[in-house]
Amino acid sequence: MFESLKNKLKNWKEKITSVFKEEKTEEKRIKEKPFKKEKKTREKIKKEIVGKKEIEKEEIYIQQEENKKEGFFSKFFKRELSEEKFDELFQEFELTLLENNVSFVVVQKIKEELKKEVVGKNDYNLEESLKRIIKDILIEPENFLKKIKDSLKNKKPFVILFLGINGTGKTTTLAKIAYLLKKNNLSVCFAAADTYRAASIEQLEEHAKRLNISLIKKDYGVDPASVGFEAIQYAKKNNIDVVLIDSAGRLNNKESLMNELEKISRVNNPDMKIFVGESITGNDSIEQAKAFDEKINLTGSILSKADVDEKGGTILSVGFVTKKPILFLGTGQKYEDLEEFNKEKVIERLGL
Ligand SMILES: Nc1nc2c(ncn2[C@@H]2O[C@H](COP(=O)(O)OP(=O)(O)OP(=O)(O)O)[C@@H](O)[C@H]2O)c(=O)[nH]1
Ligand SMILES: [Mg+2]
């Protein structure tokens, strides 16, 4: 996971650090040398010139020359990394970040913050700065199970709607969540509200069987909002804690399908609306999350297929762009392959 971005980050950190070291060495060398030279000249002049007035004149002259030189060196070298140099070095890094699925706004944010920390500073710790900046960009989610358990004290069932475009892993992720909830002693039922895609109901039925969970289904082609509604009624009657509503994949630019999703949300009033996107898709996932959030106000996202994501940029960007946390990462095809999102873990994976 994240190998590509991790390696690129490492290379860039080394590069910028070596530029910093070179400038420091150069500064030391130049600062020491000219003053030794000036001292020598001064002694020589003192010996050569006779008469107090002349010596005073020369003293002033030499002092002026020294000041001039010191001014020049300090101006140049006290700014360890000039803004121009930083921009030049960042340009390459910017490309790397974009190539690794980091969204443009996040790249600009990193640039702006990093600039504040390193340009014109005598000393800086690039690694620490990058770590802090990325940590600030990521959003730590609330504890998922605690949130559900707290809510159940006041209202039952807790309803979660899964949504997103086609084939991102919505149904698989829903089943993984069911497995997690059951493991934590919460009862669950499924609403087969993808009444559109062929075999979608049978797919969910298979998970229901394996996990020993009740499934509420209707025919293909019926209003998906009504399936959610029935499942909630079933849960109320049977004292079930959590209803998980599957939904059909839909493109965020298809207005009628987005309106249908809004209806599912309005009718069933879910406690959580979770966008399931692929972590490998990059900017597309980020744009989709934004569009779904604008339409139905997401609780957060789950990014699937993080196990095959070499880049990691989507994971860095989705939260920042939607201002909603990533709740989990999907890390494989088994029920256990769901990892609670954790800032520290992401930072660690990036080698920071
Ligand atoms: N490697 C990997 N594969 C995953 C992950 N999550 C889901 N998949 C696979 O992605 C494929 C699509 O998963 P589904 O759960 O059917 O996706 P969906 O969003 O419900 O698809 P539609 O209902 O057709 O829109 C399946 O082959 C899953 O096994 C994951 O975290 N890692
Ligand atoms: Mg599905």
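Just so you know, these numbers come straight off a predicted model, no measurement behind them. One-based numbering, in listed order, for ligands and for the atoms of each.
Figure legend: cation-pi geometry between K146 and F144 absent, as NZ or CZ is not positioned both under 6.0 Å from the six-membered ring centre and within 45° of its axis.
The Mg ion (ligand 2) has an N, O or S atom of T171 under 2.8 Å away, backbone or side chain.
For the salt bridge (charged side-chain N to carboxylate O under 4.0 Å, His left out) with E230, the qualifying choice from K218, K237, K236 is K218, the only one to do so.
The distance between the ring centers of F275 and F292 falls below 6.0 angstrom.
Protein residues are said to neighbour a ligand when one of their heavy atoms lies under 4.0 Å from it; for ligand 1 these are N166, G167, T168, G169, K170, T171, T172, K176, D194, R197, Q203, G249, S304, K305, D307, G330, T331, G332, Q333.
Salt bridge absent: K131 and E113 never bring a charged side-chain N and a carboxylate O closer than 4.0 Å. Salt bridge annotation for K155-D271: present, with a cationic side-chain nitrogen under 4.0 angstrom from a carboxylate oxygen.
Heavy-atom minimum distance, A248 versus D194: CB-OD1, 3.1 Å.
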